[in-house]
Amino acid sequence: MIDPVGPAKRKYRDRLKKIIDEEICRLTSTQLTMIKKGEVVPYNIPVKDIPHFVYGPWPGEGESEGGGNDPAGPVYGEFNEESLKKFLLKDLELEVLKPGRRLTKEKIIYPGISKRGDESLLNLDETIFAMIERQVAMKKFKKGNLDIEVDEDDFRYNFPQIKYKEDKDAVVVFISDVSGSIYDEEAKAAEAISYLIKLWLELAYPFVERVYIAHNATAWEEKEEDYFKLRTDGGTVFSEAYNTLLAMIEGKPYTTNLGKPRTLNSSLVDIYAIHMTDGGNFIHDNGTAIEALEKLLPNLTRFCYLGLKGDAYDSAFERMIQQKFTDTNKCRTYVTDVNNENDWIKAMKAFFGKVK
Amino acid sequence: MVSYPKVRVLENEIEDPELTKIAQEISKDCIDKYKLSYDNVNFHLVNLDELASIVASHGWFQYPQAWWLGQDYTIQKKAHDLANWRVYEIVAPSGVENREPVEAFIYKGNPLYEKKLVMAHVYGHAHVFKNNFTQTEFKPESPLTLLHDFKEAVAKYEEKYGEDAVELILEIADSLSTCIDFSFANYEFEKRKPTNIEELLTPQKDILKELKERGKRKEKIIPPERDPDIFKFLMTHVEMEDWQRELLNYEYLYKRWAYSDSGVKVLHEGFASLIDFRWGMENKEMPFSEAFDYLNHRAAGEKGSIEENPYKLGLAMFLHILKEGNNNDLDKNWEHLLNIVATQTDYTLLDKYFTEEFLNRLSLEEESWEALLAELASYKLEGLIDNKKTIFEFLKGNFGMVKNKLLFSKYNLGLPKIGVEKGGFKFDAHDSLYLIQDINEPGKIAQKVNDAYNTLLNGPVGERMRESNGNKIIYLSLDMDNMLRTLKGIHLLTRKPVYLETYSSEDKKVLIKYTGYNKGEHKYTMMNLT
């Protein structure tokens, strides 16, 4: 095997890793939504050249003939859901989520044999052996002529032991503002970030249930497929949305488009709530909303407030949250500029990054 | 009795007796019939992965391990896997008599007739390696040992000083590798400057030794004359650690020789193509149609600019030279051709033999040379040329311009001539370095290049080229991005401001003062000198 390229391959791979990380950071909301739909997003791996003095025009004087950092045709890669997961897990340095402790049955093992037990646990082999042993001891055993005569003492039963594992399922509740002030850009950013949050939670929890609450002046539970396309008129009242979530937790009636209301048991599942809004809450509702949130918070594992900064962003409620709830591990806020399409890394770090 | 060089065909380092026999027969033909002379040749049959790897290392078994070697390998591997391009053969021009054979690598998946023609082609290259003066002028005593030592030194210093520090020096060294005095490319063997002959006598001058000698001398004006060899100048004058100088020296010795290839690209590929062409046509056992297909595909029909694919131009010129003289005396013409191969460079070859008669001959065999004619006319405007006839008419009408463009692309290997100005080292209170782009050299050659530039840019065609953005056009200005990044490397070495006198895209003389790189931005100022 002729291979003059030895350690150079490893050196290039190290550099390539940096390039790939840079490229993945450049993914836009639109591209993240493409990955969500199962498509792959191709990207060019730029070929880094060593500079030399060569003839060529100056910028603004036609196209450069002298090389520069032209992307190479054949060297390209593809991003998919797996690469995103890998990036979230390894490179983003997020806080490792620990599911709340709850014992669930994993499997039953039979480590021993017992003389007592349920009929269904009868171990026939062991019973026959016990019978033979008894016959031998009592000198009733005849070689070549086994006499099947099972005594009550001969019965042997499997001894069961239940193996438990500690885990918990998660419910992520997306609360989205669908009032008249939300435009396509805001909705797109919200969809991209909510997709990433879902991916991140799925890495830590065996099962993540998704609940979608939409609100304007009223709030209701919405179907997943319609959620991000939803646009309505009307004002914005946050307390309605928080009360809807509270109703789910407390098992009270609430409005739903799913047909059947659900109950969330906060002792059995970890509840994550993500509120995505442009902040334009009805001003007299701010106090009520904070009160509702205060009631809600003990039931939640984390509350993330995502401000979508478009043309008219109102930061009043965000400031109130920051003043009222100082426990940064439970209640986190981040404001994303919807025109800046690749703000998602900062958002993820704000919501799930390590607390310093 | 003629002694033939030892030829072997190896697969996984084991000799293939059948193919070795074939290769020896072809070699015998080349030596007896075509009077070639070359050193021992090893052919290696390689698979695609090996081919990608060997192409990345330019045919060398030993190569310093820098990250861009890994990048080149990745590009080659992917391109070969996707069949974007395929390298027929790659030859390492080692060829030290009886010690280091020429190592040629052939893709083992090629059919036998292609392998045979590629072997003949390789012998053509091996002949040029041994006989052309530019190929031997800067040749290290043992190229393989040089590269081996270079590789070992890189590994050793990486362990001692860390990968980043060593790779930085290697990057700067690679960047400076085009700042060597390449004036050899502009003269044929007999007409070179006397200074170059002096260089020829001591091609392996040890830089470290020279540095020590320099310490004894007292020079006030450094350099005493404008020095066209920036690389060597910096290596000998700038203060740095010994290991850094050692790595720069390895790169200098290797690249000065490796770049001499670029000065004879047309000649190299043209002659090698001529050998496989002659052997393919004259060998009775070779199926004619297959040979013709290969030759046509290889030399005439392939797309790509003359810089990327010099086969077609070289072959056409050599065929013209063969037919130009006495048609009945092929032997005499062949002698003449071998003499040309030994004594010319691309620049002088084109200067002498790219004539209107040559163009006329091409037009007679227009169909065979369609791609070449189109390429020569490639600085046409879209829509200017409607059909084949007008291509030729266009070329005839603009012969001077076409020739000048070709000469310009070959002058000084097509690279800008930049040097350290007389007294330009530590010339001011800040110990700055003064570099100058040299276009007004005295002498006939520079005049031709200037003419080329002026005809192209100021003539009617130049006017129209300027109008249509993106068409081929020649510039005397330096590519800005590359220039700043190269200056960054020089600044890292000298740690002092670097001045560069150069030209803007509008041919205005400008002075650039480069003072460093910080937070992703080059720090430089620029002022007009005219």
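Reminder, nothing fancy here: chain letters follow the sequence lines and each chain counts from 1.
- Only the side chain of Ile418(B) comes within contact range of chain A, judged by heavy atoms closer than 4.5 Å.
- Nearest heavy atoms, Tyr12(A) versus Trp67(B): CB-O, 3.6 Å.
- Heavy atoms closer than 4.5 Å to chain A are found in the side chain of Asp49(B), but not in its backbone.
- By the 6.0 Å contact criterion, NZ on Lys346(A) is open, its count of non-hydrogen atoms from other residues, nucleotides or ligands being 12 or less.
- Closest approach of Leu415(B) to Phe53(A), counting heavy atoms only: CD2-O, 3.9 Å.
- Shown are Glu158(B), Glu163(B), Gln71(B); of these, the side-chain hydrogen bond (donor to acceptor under 3.5 Å, both in side chains) with Lys11(A) is made only by Glu158(B).
- Contact between Val5(A) and Gln65(B) at its shortest, heavy atoms only, is C-OE1, 3.8 Å.
- Using a 3.5 Å distance cut-off with no hydrogens or angles, the side chains of Asp479(B) and His52(A) do not pair a donor with an acceptor.
- Contact of Arg13(A) with chain B is not made at all, since no heavy-atom distance falls under 4.5 Å.
- For the atom pair Thr74(B) OG1 and Ile45(A) CD1, the distance stands at 8.5 Å (nearest 0.5 Å).
- With a 4.5 angstrom heavy-atom cutoff, Leu484(B) does not touch chain A via any of its atoms.
- In this structure, the portions of Ser175(B) lying under 4.5 Å from any heavy atom of chain A include both its backbone and its side chain.
- Contact check on Lys48(A) versus Glu171(B) returns no salt bridge, with no Lys/Arg side-chain nitrogen under 4.0 Å from an Asp/Glu carboxylate oxygen.
- Residues Asn482(B) and Ile50(A) come closest through the heavy atom pair OD1-O, 4.4 Å.
- Counting heavy atoms from C-beta on, the side chains of Leu478(B) and Val54(A) never come closer than 4.5 Å.
- With Ser53(B) contributing its side chain and Asp3(A) its backbone, the two residues share no donor-acceptor pair below 3.5 Å.
- Chosen from Asn47(B), Leu69(B), Val46(B), Leu176(B), the residue pairing most often with chain A at heavy-atom distances under 4.5 Å is Leu69(B).
- Of the two parts of Leu413(B), neither the backbone nor the side chain holds a non-hydrogen atom closer than 4.5 Å to a non-hydrogen atom of chain A.
- The number of heavy atoms from other shown groups lying within 6.0 Å of CD (Glu78(A)) is above 12.
- Of all the heavy atoms in Lys417(B) and Tyr55(A), the pair that sits closest is N-OH, 4.4 Å.
- Ile54(B) and Pro4(A) make their closest contact through CD1-CG, 3.8 Å (heavy atoms, listed as atom of the first residue, atom of the second, distance).
- Heavy atoms from other residues, nucleotides or ligands lying under 6.0 Å from NZ of Lys330(A) number more than 12.
- For the options Phe61(B), Trp60(B), Tyr73(B), Tyr63(B), heavy-atom pairs under 4.5 Å to chain A are most numerous at Tyr73(B).
- Within a 6.0 Å radius of OH in Tyr524(B), other residues, nucleotides and ligands contribute 12 heavy atoms or fewer.
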